[in-house]
Amino acid sequence: MFIMNLISIFDLSLAEIEAIIEKAKELKKERRESKRVRRDLEGKTLAQIFEKPSTRTRVSFEVAMRELGGDVISLNWNELQLGRGERISETAKVFSAYVDAVMIRAYSHSTIEEFAKYASTPVINGLSDLEHPCQTLADLMTIEEHKNKLAGVKVVWVGDGNNVCNSLIGGAAMTGMNIHVACPKGYEPAKGVVEKAKEMGCEVVIGNNAEEIAVDADVLYTDVWVSMGEEGESEKRKMDLKKYQLSENLVHEAKEDAIIMHCMPVHIGEEITEEVMNSANSVIFEQAENRLHAQKALLLKLLKY
Ligand code: CP
Ligand code: NVA
């Protein structure tokens with residue numbers, strides 16, 4: 001039996017991404033008009049497993065399942081036998097007997113791939129060291145809402161070329177956006193992701209000069225300098241990334257109507273200034289809201305049809 005997973009953003013086709021964004025917009029409108037609980041996922045249960053902390057992913061998936069009429073169980077890695085050494089293979093088989101889909105946030109991308117190998121339910125990547133595809137779905141939705149298109153949009157990423165950046169590059173490749181990354185040497189996005197995106201015809205530019213890269217941006221995007229799991233090298237990373245702050249200086253280089261994006265959580269005074277985060281062009285909170293709508297659309301795709 002074919003089971004659809006979302007482990008990498010590259011698991012989706014352009015048509016599937018477009019359909020998810022369309023459905024998400026419809027669900028957003030419907031929720032604003034009347035916050036009714038749908039019954040689409042009645043009888044279905046999503047389990048979430050967290051090896052690291054989460055605010056947006058956890059809460060938006062929980063609310064999404066409930067508002068679609070389904071149920072949800074959220075668990076920390078260490079409260080499961082996984083934390084005492086039970087293998088992923090057995091855990092995946094057991095979860096498959098109980099629930100209809102599993103979302104996992106893990107340190108290593110291979111943990112999620114391993115789980116999916118043994119699961120007979122859809123598996124969703126809720127963030128790994130390599131990718132954050134659910135974030136990208138909400139990001140693409142947000143960009144399309146503000147720019148009325150995706151193809152040809154110039155996205156500028158400032159800072160660490162991390163998991164969120166990798167998935168965004170994949171999303172750009174899929175939808176025809178151009179993506180320019182300003183980062184210090186050693187902080188480039190994953191080579192494999194960049195190569196794949198370029199093979200798909202995506203304009204991916206990587207450089208060290210943030211001011212130059214930011215010129216004419218339609219979207220300015222940043223994320224934390226120290227991702228979860230990198231706390232041990234926190235001081236070094238903050239030093240290395242010091243010049244890559246999303247500040248007014250960079251905003252001046254971008255188009256006047258450039259939107260400011262951040263997947264959150266924000267570290268004010270590090271990767272972004274308070275002024276820019278709260279500026280008129282910031283769509284950061286809407287972007288966070290869109291996690292809910294985009295994931296509802298994803299859940300419907302994985303669980304209903
Ligand atoms: N953007 C995001 O995934 O946030 P959380 O870590 O709070 O889930
Ligand atoms: N890059 C960050 C994203 C958090 C949503 C991290 O992995 O911690």
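Counting starts at 1 for both ligands and their atoms, following the listed order. Computed from a predicted model, the values in this text were never measured in an experiment.
- Remark: side-chain polar atoms of N76 are not paired, donor with acceptor, to backbone N or O of E79 under 3.5 angstrom.
- Ion pairing between D257 and K255 fails under the 4.0 Å rule for side-chain N and carboxylate O.
- Within the 3.5 Å criterion, the main-chain N or O of I9 finds a donor-acceptor partner in the side chain of E131.
- Contact check on E145 versus K28 returns a salt bridge, with a Lys/Arg side-chain nitrogen under 4.0 Å from an Asp/Glu carboxylate oxygen.
- Protein residues having a heavy atom under 4.0 Å from any atom of ligand 1 are S54, T55, R56, T57, R105, H132, Q135, C263, M264, R291, listed by chain and number.
- In this structure, R105 does not pair ionically with E51, as no charged nitrogen and carboxylate oxygen lie closer than 4.0 Å.
- Ion pairing of E289 with R32 is present here, as a side-chain N (NZ or NE/NH1/NH2) and a carboxylate O approach within less than 4.0 Å.
- Electrostatic pairing of E67 and K296 counts as a salt bridge here, judged by a charged N lying under 4.0 Å from a carboxylate O.
- Between the side chains of D129 and Y107, no donor-acceptor pair of N or O atoms lies under 3.5 Å.
- Atom OH of Y98 is surrounded by 12 or fewer heavy atoms from other residues, nucleotides or ligands within 6.0 Å.
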Extract all N/O-N/O pairs under 3.5 Å that connect ligand 2 to the protein, and present each with both atom names and the distance rounded to 0.1 Å.
from	atom 1	to	atom 2	distance (Å)
ligand 2	1 (N)	N162	ND2	3.2
ligand 2	1 (N)	N163	OD1	2.9
ligand 2	1 (N)	D223	OD2	2.7
ligand 2	1 (N)	S227	OG	2.7
ligand 2	7 (O)	N163	ND2	2.8
ligand 2	7 (O)	S227	OG	3.4
ligand 2	8 (O)	M228	N	2.8

